[in-house]
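Report on the following structure.
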Amino acid sequence: MALFQSILTLLALAVLLLQASRHLKIPYPAMLAMAGLAVAALPWAPDISIDPHLMLALFIAPAILDAAFDFPLSAIRRYWPPLLALAIVAVLLTTAAVAWAGVLVGGLPISAAIVLGAIVSPPDAAAATAMLNHSDLPRSTATVLKGESLLNDAVALFIFGVALRVGASGAEVHQVLPQLALAIPGGLVLGILAGRLAAYVLPFLSGTLGGILFQFIVTFSTWMLAERLGMSAILALVAAAMTVAQRSGGQSAADRVHSNAVWGVVVFVLNVLAFLFVGLEARAIVRDLAAQELVHAIRFSLLILAIVIVVRVAWVMLYNRIIQRIYHHFGLGPAPSIKQGIVTSWCGMRGMVTLAAALALPASFPHRGLVVLSAFTVVLGTLVLQGLTLAPLVRLLGFSRDLRWEEDMLQVRRSLASAGLLAIADRYDGMAQALRLELERELQGEPIAAHPREDMDSLRIDIIRTQRETLNRLRRETQLDEAIYRALEQELDLREVAAERQSSFELADS
């Protein structure tokens, strides 16, 4: 009952803090971190024990799937140099620097120090979502940061798994290399197969709650099967999500609307619970430490926080200067600006992946308390120091307004309006004339003003489906920004659901 009370308290605080974060333009994870710490300090807050294997599957799998679904493979191909620099090189540098400090200052075994480095190395773009979607921030910067948040989780957790396995078994790294060599391609193949299976089955479950339940079954089953086979579970989920996203045309509009709502709530609630659980863990650790040990742990944790911030800033700015010289030398056009480099270097907030990985450490892990406390300090410190200063930094740098998003969106809207007009070109009745006026307004760049009429719904649905086919064709044949595609797909879905006048799912097909 005490655990349930703590969860309800934090969920209630999360509701209030989410509203405050919207008005104050503060990333909500920064407030959740402080709320989790506050709830953990309550005298009736319980001590909890969670299966370490459950932590990774429960907290990371849904977040990874949700992020990967909205990130296109084309963006990885287009922005591979900065993604390589941030998702791989930055993670390796941070892990190495933290491991060095862990051995020399913290007195950790080398495997435990590498585990700590892998835990705190991946930034979480969800912590800066509000600013990544800022109208003055270049779309390329936002896309790279979101892609980094997805891919660096895979790299960091791969290192985490290797170091944990080596430390637990006492084997040398070269002894597990053959198995590790199959982990990455095996995970990708498993994920693609799981994604194709899901894309094939979901249309048969259209309009039922079973469709959403099946998504959860595929997500957790893919994760657990990958772990059981020694494959990269996180890469398997990334591949599965991207595969399903490319084949999402088989889902109905109502299915997508309900699915997006459910997954959004689930990921948010898991974020809330992650901060609660790690806060409770930190409280137990602090309570069990002697005064001298606590002082040492706090100093070491603050040192790790400083290393994490400094390494990212130094590497990103160095990369920014190198890439500018390369662009200039080969005449590749405008290179990423110094201002973009500054924002990117400061977007280093850690989040749920760091928390879940820390909680996933087994109870017998050497110096587990010090590692968990350091991880929580890094998450709390980066969310407060960087998260609360990110918005003022963007305003201070004064980015020129990026109009490309609006121009691209308007161009695609006009293409969809033209497709809709073509669909009713041979009809001249009153319903077609009314819908033609709506589409002509949208063709001129004016917001569509739909007037719901039951006798027009059937024709309106036909137009929407023609527009959806056009949108999918533009996605296949052009380099359509995935964010634009998802935004317009959601608009069409909401219009179609409204026209169908269907607002609920059935438990089963009737």
Side-chain angles (χ1 to χ4, degrees), residues 29-30 33-34 36-38 40-41 52 55 90-124 127 152 156-157 159-160 162-164 166-168 274-275 277-315 346 348-387:
M34 292 181 283
L37 190 62
M55 289 302 304
V91 167
L92 294 176
L93 289 175
T94 303
T95 301
V98 171
W100 173 81
V103 172
L104 294 184
V105 180
L108 302 178
I110 182 63
S111 59
I114 294 175
V115 165
L116 173 59
I119 287 174
V120 301
S121 61
D124 181 10
N152 65 16
L157 290 179
I159 299 172
F160 171 81
V162 173
L164 200 60
V166 171
F275 283 104
F277 290 150
V278 81
L280 294 174
E281 283 272 348
R283 185 191 69 165
I285 292 168
V286 170
R287 183 184 58 199
D288 295 338
L289 289 176
Q292 187 174 359
E293 293 176 329
L294 180 59
V295 171
H296 170 73
I298 292 175
R299 288 178 177 174
F300 177 74
S301 299
L302 293 176
L303 173 63
I304 298 302
L305 171 62
I307 290 175
V308 164
I309 294 175
V310 170
V311 168
R312 179 177 178 86
V313 172
W315 165 243
W346 201 243
M349 290 76 74
R350 271 57 177 176
M352 189 166 66
V353 171
T354 295
L355 296 178
L359 293 176
L361 292 174
S364 59
F365 187 81
H367 301 275
R368 183 182 186 276
L370 182 61
V371 172
V372 173
L373 189 61
S374 299
F376 184 62
T377 301
V378 169
V379 172
L380 184 62
T382 54
L383 286 176
V384 172
L385 293 176
Q386 296 179 309

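What you see below is based on every heavy atom in this structure, not just the backbone, and it leaves out hydrogens, waters and symmetry mates. Residues take their numbers from the sequence shown, with the count starting at 1.
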Sub-4.5 Å side-chain heavy-atom contact between Arg368 and Pro362: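 Contact flag for Arg368/Pro362 side chains = no.
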
Heavy-atom side-chain proximity of Thr94 to Trp315 below 4.5 angstrom: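 No, too far: nothing below the 4.5 Å cut-off.
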
Ser111 side chain to Ala163 backbone, donor-acceptor under 3.5 Å: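 Not a single qualifying donor-acceptor pair exists.
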
Nearest-0.5 Å distance, [atom1] of residue [X] to [atom2] of residue [Y]:
{"X": "Phe376", "Y": "Leu359", "atom1": "CZ", "atom2": "CG", "result": "10.0 Å"}
{"X": "Leu380", "Y": "Thr354", "atom1": "CG", "atom2": "OG1", "result": "12.5 Å"}
{"X": "Ile298", "Y": "Leu370", "atom1": "CD1", "atom2": "CG", "result": "11.0 Å"}
{"X": "Leu303", "Y": "Leu104", "atom1": "CG", "atom2": "CG", "result": "10.5 Å"}
{"X": "Leu116", "Y": "Phe300", "atom1": "CG", "atom2": "CZ", "result": "5.5 Å"}
{"X": "Ile119", "Y": "Leu355", "atom1": "CD1", "atom2": "CG", "result": "10.5 Å"}

Residues that Trp346 engages under side chain to side chain donor-acceptor pair (under 3.5 Å), provided they are two or more places apart: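 For Trp346 the side chain to side chain donor-acceptor pair (under 3.5 Å) partners, ignoring immediate neighbours, are Thr389.
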
Set of side chain to side chain donor-acceptor pair (under 3.5 Å) partners for Ser301, sequence neighbours left out: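 In terms of side chain to side chain donor-acceptor pair (under 3.5 Å), with neighbours along the sequence ignored, Ser301 is linked to Ser374.
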
Distance-minimising heavy-atom pair for [X] and [Y]:
{"X": "Ala297", "Y": "Leu373", "result": "CB-CD2, 3.7 Å"}
{"X": "Ala101", "Y": "Ile304", "result": "CB-CD1, 4.1 Å"}
{"X": "His367", "Y": "Gly107", "result": "NE2-O, 3.7 Å"}
{"X": "Val353", "Y": "Pro122", "result": "CG1-CG, 4.2 Å"}
{"X": "Arg350", "Y": "Val378", "result": "CG-CG1, 4.0 Å"}

Side chain to side chain contact (heavy atoms under 4.5 Å, CB included) between Ile307 and Val120, intermediate numbers included: CA-CA 10 Å; Ile307 290 175; Val120 301; over 6 Å; no

Set of side-chain contact (heavy atoms from CB on, under 4.5 Å) partners for [X], sequence neighbours left out:
{"X": "Val310", "answer": "none"}
{"X": "Ile159", "answer": "Val91, Leu92, Thr95, Ile114, Ala118, Val155"}
{"X": "Val103", "answer": "Ile110, Ala113"}
{"X": "Ala356", "answer": "Phe59, Ile60"}

Stepwise side chain to side chain contact (heavy atoms under 4.5 Å, CB included) check, Phe160 with Leu361: CA-CA 10 Å; Phe160 171 81; Leu361 292 174; 3.7 Å; yes

